[in-house]
Novice: 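I'd like to ask some things about the structure below.
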Amino acid sequence: MDEKLTRKYIPVMIEKKWRRIWEEKKVNYTDINTKNKKYYCLDMFPYPSGSGLHVGHWRGYVLSDVWARYKRLHGYHVLHPMGWDSFGLPAENDAIKKGIHPKISTRNNIENIRRQLKEIGAMYDWSKEINTSDPEYYRWTQWIFLQMYHKNLAYRAEMPINWCPACKTGLANEEVINGTCERCGSPVEKKKLMQWMLKITSYAERLLADIEKLDWPEKVKTMQKNWIGKSEGASILFTLDNNPDIKLEVFTTRPDTLFGATYVVLAPEHPRALEITLPEQIPDVKRYIEEATNKSDIERTNLLREKTGVFTGAFAINPVNNKKVPVWIADYVLAHYGSGAIMSVPAHDQRDFEFAKKFGLPIIEVIYSENASRNPDGSLASAYEGAGILINSQQFNGIDSEQAKISITQWLKNMNKGDFKTTYKLRDWVFSRQRYWGEPIPIIYCKKCGTVPVNEKDLPVILPDVESYKPTGTGKSPLAAIKEFVNTSCPICGGPAERETDTMPQWAGSSWYFLRYPNSNLETAPFDKKIVDKWLPVDCYVGGVEHAILHLLYARFFTKFLYDIGAIGFDEPFLRLFNQGMVTKFSEKTGKIEKMSKSKGNVVNPDPLVEKYGTDTVRLYELFIGPPEVDSEWNDSGIEGCYRFLRKAWDFIIEQVEKNYNETDKQSKIKLHQLIKKVTERIEGFKLNTAISAFMEFIKDIPDDACFSRQDIEKFIVLLSPFAPHFAEELWCEVLNHAETVFNDRWPEFENKFIFEETITIPVQVNGKLRGTLIVGKDEDSESILKSALELESVSRFVSGRHIVKQIYVPGKIVNIVTKQ
RNA sequence: GCGAGGAUGGCGGAAUGGCAGACGCGCUGGACUUAGGAUCCAGUGGGUAACCCCCGUGAGAGUUCAAAUCUCUCUCCUCGCACCA
């Protein structure tokens, strides 16, 4: 007897060994030039934080690894890479806190997290590792920026942007959460700065329409749709009464209510606000505008706040009936949406209704409906915002409001007083950051030639090493203080010139990293079109829902742009998206069950668990904890069950191999094939928690005298290998003496002839209540089943003396006998 | 306010019209043992002396032979959006 066969499952003895061998033998190396069918399984790459990985991070990585290995066992060449999103605020803020240069701390953090990631035992192909702060990587991020610049999609504009006073930088619209900074939670202020912007709005319609093509969670698709925020309506021109040269453009989705427009409102930031104001009103208006612009977003968007506004003294002409209506300024109108001006219809818009009530402006009802809520005197108690029939609207009276939207807009269009118009909530992407740790924007300013892009051959524009990398708060990045960086020569005239000193946002590098992995070492281009067209789009993308808008929208935008310039042959980056649920735990700090995070003090470090139970047990438990897409609470003690299971499964396999049966007994064959079916279906459905419970049931139900052939034991090992790769590899190679890795084998298939058992247990109900069970042959006919059901003592007891109304037998499922007194 | 998702034992969860609580944790009892925080066996929703029986999937109604599952009303929780005209 081989002494190997008598040993126990001791994970520490096998796991490190196999990780070493896999690395040495390049088992996880993906040959990009394979002729085989490909599969691209991608994890959202982490930013290398100083605190390392906790068990919450593991969850998504284990999930995607099981899926990647499962695909590999189906014969796919699987690309499953990993890298570092290492530029940007998180890395930089961490570095500032610890007083370590971000370049150093990023390198250290990467070392640590790479070690932790390797402990997961995932089949990452580390030869393709990428790092967004590596000059060889970010030269291509800069290259993409230049391509956008050449297509007029990158432009410079001075505008009030969101400014985080703590991070001392401008932020994109997407980075502001409820008026606070996405990174640090500080209230965001407005600051007028010269900014580089990306014209993502040019892609609004396509970004919206193509959502339909994606196999993504509905929730994420809805969030993106709402963010893009398409709305269709009309733009209408109101001419100023005392100056017909000035036309105020308003946007409305309710042109059908135009006859009910009783005043016009401009946003305080509207460019013509002061121009149209009558001289005697100027002091009041000025004061109001100042107050409004100084308010933070949080104050401005507080719904409970009472409406404020100021009259300009000016009047405009309603184009449909030539009525004079007053022009007001109020901060409930947003400057950046539509045209920054509205027509106010208090009868049919609650906000206008409140404003009109407060300032005594007229309310004219133009859409009639019985559903409107009214005061006893018949006047409106609140605005009626639904559909109805037009009244008080001259030639349009009696028309249905939906129809009137079209008719009235068409009438305006014919008169050159308006047109159909679609607007989006999506705004252009503020792309400048006044921070050190990011990709320098590759632009040079020359007194003579103006704004000049850096020549592509001069990329990358290297981020200089500096002593002082702290944000300045002056509206300029720390790079502005470095003469050697700033002073350069103009690429066109060769004269003295200055470099742009702002850097790109954190999201720049991650907007295209998925294109770099298959050709991560390519030196002449960001990617090879032939290679990316073969390997992309990503077949399955796994990551947290927190990136639903920011990263996923930006990546879709970059992909569509690269498609448009012919660099790639596809226009969506991620076909399928899977959002794993968060791992939560009770936090002593907040007294609540919360997402695991260092700041909440509720993180669980996987390292000691790996040491005690081994990686494979931790992997199993990460999956077993709950359905992958749902948040789950971590509980350390639950892990024991997974450890016990692996030990039992190990002993079972060793015992069967020792016994060396030639054939599997009939019952065991059935159980095995049922297991193959269950596990296969559950992996396909991403129900990995129940896939594991299927294994547990299998091991629990095996009788002592069960016999499995070597071939069937091998099937069992393959089945378990995606979940517990070290465990499976040890048994496969050391116990069953295979020369090649188990992951070069094939996923077993179940055979229907083994799925069905000879006899089945049928529950028998009387009036819907369970009264007994019946063991029947699988082909027994319903008549004899119903007959023997009635013969059951436990059944006849409830039937005797009563009249049988109905007998139901659902084949293979249930018997129900319905009786009446 | 609008939109989406959810509520099942002491706990994580299973079951998508057909035996509610699979599987795991925890707990109880037993075996083995010098010992047990190891291992194995049995039990474990509530009521009940009971393995008879009754009740039970947030609350209430309905459809059905049969409802955790479908329909309606309500409550609570989580997430997203929120003066977007």
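Naming: A, B, ... by sequence-line order, numbering from 1 per chain.
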Novice: Do Glu174(A) and Trp227(A) meet the criterion of a side-chain donor-acceptor pair at a distance under 3.5 Å?
Specialist: yes
Novice: For His547(A) and His551(A), take the angle between the two ring planes, folded into 0 to 90°, and tell me which bin it lands in: parallel under 30, tilted 30 to 60, perpendicular over 60.
Specialist: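 His547(A) and His551(A): perpendicular rings.
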Novice: Should the pair Glu681(A)-Lys687(A) be classified as a salt bridge under the 4.0 Å nitrogen-to-oxygen rule?
Specialist: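 Looking at Glu681(A) and Lys687(A), the cut-off is not met.
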Novice: Using the side-chain heavy atoms of Glu697(A), tell me which of these nucleotides is nearest: C23(B), C83(B), C55(B).
Specialist: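 The closest nucleotide is C23(B).
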Novice: Check the pair Glu205(A), Lys230(A) against salt bridge (charged side-chain N to carboxylate O under 4.0 Å, His left out), reporting the backbone distance first and the verdict last.
Specialist: CA-CA 8 Å; Glu205(A) 185 57 42; Lys230(A) 180 177 184 172; 2.9 Å; yes
Novice: Any chance you could lay out the salt bridge (charged side-chain N to carboxylate O under 4.0 Å, His left out) test for Glu218(A) and Lys221(A), step after step, and finish with the verdict?
Specialist: CA-CA 5 Å; Glu218(A) 279 309 314; Lys221(A) 294 211 259 186; 3.8 Å; yes
Novice: Charged N to carboxylate O below 4.0 Å: is that the case for Lys421(A) and Asp419(A)?
Specialist: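 Looking at Asp419(A) together with Lys421(A), the answer is no, because their closest N to O distance does not fall below 4.0 Å.
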Novice: What is the distance, to the nearest angstrom, from the CD1 atom on Ile342(A) to the P atom on C83(B)?
Specialist: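 So the CD1-P distance, Ile342(A) to C83(B), works out to 14 Å.
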Novice: Taking the inter-plane angle between the rings of Trp328(A) and Phe311(A) on a 0 to 90° scale, is it parallel (under 30°), tilted (30 to 60°) or perpendicular (over 60°)?
Specialist: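 Tilted: the ring planes of Trp328(A) and Phe311(A) meet at 30° to 60°.
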Novice: Classify the ring geometry of Phe645(A) against Phe695(A): parallel below 30°, tilted from 30° to 60°, perpendicular beyond 60°.
Specialist: tilted
Novice: Among the nucleotides A85(B), C19(B), G24(B), which one has an atom lying closest to any side-chain atom of Ile814(A)?
Specialist: C19(B)
Novice: If you measure from the P atom in U48(B) to the same atom in G10(B), how many Å do you get, rounded?
Specialist: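 Roughly 15 Å separates the two P atoms.
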Novice: How far, in whole Å, is G18(B) from A66(B) if one measures between their C1' atoms?
Specialist: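 Their C1' atoms lie roughly 7 Å apart.
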Novice: Hey, are Glu212(A) and Lys225(A) close enough for a salt bridge, meaning a charged N less than 4.0 Å from a carboxylate O?
Specialist: yes
Novice: Quantified in whole Å, what is the P atom distance between nucleotide U8(B) and nucleotide A68(B)?
Specialist: 15 Å
Novice: Begin from the C-alpha positions of Phe698(A) and Phe716(A) and carry the test ring-ring contact (aromatic ring centres under 6.0 Å, His included) through to its verdict.
Specialist: CA-CA 10 Å; Phe698(A) 175 84; Phe716(A) 179 80; 5.2 Å; yes
Novice: Hey, mind stepping through Ile817(A) and Gln765(A) against side-chain contact (heavy atoms from CB on, under 4.5 Å) and telling me if it holds?
Specialist: CA-CA 6 Å; Ile817(A) 294 155; Gln765(A) 297 179 332; over 6 Å; no
Novice: Is Lys8(A) salt-bridged to Asp651(A), going by a charged N under 4.0 Å from an acidic O?
Specialist: yes
Novice: Counting Watson-Crick and G-U wobble pairs whose two distances are both under 3.5 Å, find the runs of 3 or more in a row that involve RNA chain B.
Specialist: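 So far as stems of 3 or more pairs are concerned, RNA chain B shows B:1-7 with B:75-81, B:10-12 with B:23-25, B:26-31 with B:39-44, B:45-47 with B:53-55, B:58-62 with B:70-74.
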Novice: Are there any protein N/O atoms within less than 3.5 Å of an N/O atom in nucleotides 35-40 of chain B, and if so, which ones and at what distance?
Specialist:
| residue | atom | partner | partner atom | Å |
| --- | --- | --- | --- | --- |
| U39(B) | OP1 | Arg647(A) | NH2 | 2.5 |

Novice: Calculate the interatomic distance between Leu646(A) atom CG and C23(B) atom P; express it in whole Å.
Specialist: 18 Å
Novice: Please state the P separation for the pair A42(B) and U75(B) - nearest whole angstrom.
Specialist: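 After rounding to an integer number of Å, I get 48 Å for this pair.
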Novice: So which protein nitrogen or oxygen atoms get under 3.5 Å of nucleotides 61-66 of chain B's nitrogens or oxygens?
Specialist:
| residue | atom | partner | partner atom | Å |
| --- | --- | --- | --- | --- |
| C65(B) | OP1 | Lys806(A) | NZ | 3.4 |
| C65(B) | O2' | Asn816(A) | ND2 | 3.2 |
| C65(B) | O2 | Asn816(A) | ND2 | 2.7 |

Novice: Can a salt bridge be assigned to the pair Lys358(A) and Glu306(A) using a cut-off of 4.0 Å between side-chain N and carboxylate O?
Specialist: yes
Novice: Go through residues 671-681 of chain A and report each residue with a non-hydrogen atom lying under 4.0 Å from RNA chain B, sorted by number.
Specialist: none
Novice: For C72(B) and G80(B), measure between their P atoms and round to the nearest Å.
Specialist: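 Taking atom P in both C72(B) and G80(B), they lie 27 Å apart.
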Novice: Mark yes or no: Arg771(A) above the aromatic ring of Phe798(A), with NZ or CZ under 6.0 Å from the six-membered ring centre and no more than 45 degrees from the axis.
Specialist: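 Here Arg771(A) passes the 6.0 Å and 45° test against Phe798(A).
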Novice: Is it true that the side chains of Asn816(A) and Tyr809(A) contain a donor and an acceptor less than 3.5 Å apart?
Specialist: no
Novice: Should the side chain of Lys307(A) and the base of C83(B) be counted as holding a donor-acceptor pair, with the cut-off at 3.5 Å?
Specialist: yes
Novice: Would you indicate what Phe798(A) reaches in the nucleic acid, counting non-hydrogen atoms under 4.0 angstrom: base, sugar-phosphate, or nothing?
Specialist: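 Since only primed, P, OP1 and OP2 atoms lie under 4.0 Å of Phe798(A), the category is sugar-phosphate.
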Novice: What integer distance in Å separates Lys225(A):NZ from A82(B):C1'?
Specialist: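 These atoms are roughly 19 Å apart.
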Novice: Should Glu354(A) and Lys307(A) count as an ion pair when the cut-off is N to O under 4.0 Å?
Specialist: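 Yes.
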Novice: Whether Lys787(A) and Glu783(A) form a salt bridge (side-chain N of Lys/Arg under 4.0 Å from carboxylate O of Asp/Glu) is what I want to check.
Specialist: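 No.
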Novice: If you measure from the C1' atom in G9(B) to the same atom in C27(B), how many Å do you get, rounded?
Specialist: 12 Å
Novice: For Ser637(A) and for Thr423(A), find the nucleotide of RNA chain B with the closest heavy atom, then tell me which residue's nucleotide is more 5'.
Specialist: Ser637(A)
Novice: Between C83(B), C81(B), A85(B), which one does the side chain of Lys425(A) approach most closely?
Specialist: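 Comparing C83(B), C81(B), A85(B) against the side chain of Lys425(A), the answer is C81(B).
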Novice: Under 4.0 Å between a side-chain N or O of Thr222(A) and OP1 or OP2 of C81(B)?
Specialist: no
Novice: Taking the P atom in each of G5(B) and A85(B), what is the distance between them to the nearest angstrom?
Specialist: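 Comparing P positions in G5(B) and A85(B) gives a spacing of 23 Å.
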Novice: Does Lys595(A) reach a base, just sugar-phosphate, or nothing at all? Heavy atoms under 4.0 Å.
Specialist: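 No contact.
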Novice: Whole angstrom is fine here: how far is it from CD1 in Ile329(A) over to P in A85(B)?
Specialist: 21 Å
Novice: With nearest nucleotide decided by heavy atoms, which residue, Ala694(A) or Arg797(A), maps closer to the 5′ end of RNA chain B?
Specialist: Ala694(A)
Novice: Atom CG of Leu623(A) to atom P of C23(B): distance rounded to whole Å?
Specialist: 19 Å
Novice: Under the ring pair (Phe, Tyr, Trp, His ring centres under 6.0 Å) test, which residues partner Tyr424(A), sequence neighbours left out?
Specialist: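 By the ring pair (Phe, Tyr, Trp, His ring centres under 6.0 Å) rule, Tyr424(A) matches no residue at all.
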Novice: Please state whether the rings of Tyr384(A) and His348(A) are parallel, tilted or perpendicular, taking 30° and 60° as the class boundaries.
Specialist: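 The arrangement is perpendicular - the two ring planes meet at more than 60°.
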Novice: Please classify the glycosidic conformation of G46(B) as syn (within 90° of 0) or anti (everything else).
Specialist: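 For G46(B), whose glycosidic angle is more than 90° from 0, the conformation is anti.
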Novice: Show the distances under 3.5 angstrom between N or O atoms of the protein and N or O atoms of nucleotides 8-14 of chain B.
Specialist:
| residue | atom | partner | partner atom | Å |
| --- | --- | --- | --- | --- |
| G12(B) | O2' | Ile625(A) | O | 2.6 |
| A14(B) | OP1 | Asn689(A) | ND2 | 3.1 |

Novice: Distance between the P atoms of G6(B) and A82(B), in whole angstroms?
Specialist: 23 Å
Novice: Taking atom C1' of C83(B) as reference, at what distance in whole Å does atom CG of Leu266(A) sit?
Specialist: 16 Å
Novice: By the 4.0 Å heavy-atom rule, please label Val250(A) as base, sugar-phosphate, or nothing.
Specialist: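 Since no nucleic acid heavy atom lies under 4.0 Å of Val250(A), the category is nothing.
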Novice: Whole-Å distance between C51(B) C1' and Arg771(A) CZ?
Specialist: 15 Å
Novice: Whole angstrom is fine here: how far is it from CD in Gln350(A) over to P in C2(B)?
Specialist: 13 Å
Novice: Base, sugar-phosphate, or nothing for Gly638(A), non-hydrogen atoms under 4.0 angstrom?
Specialist: sugar-phosphate
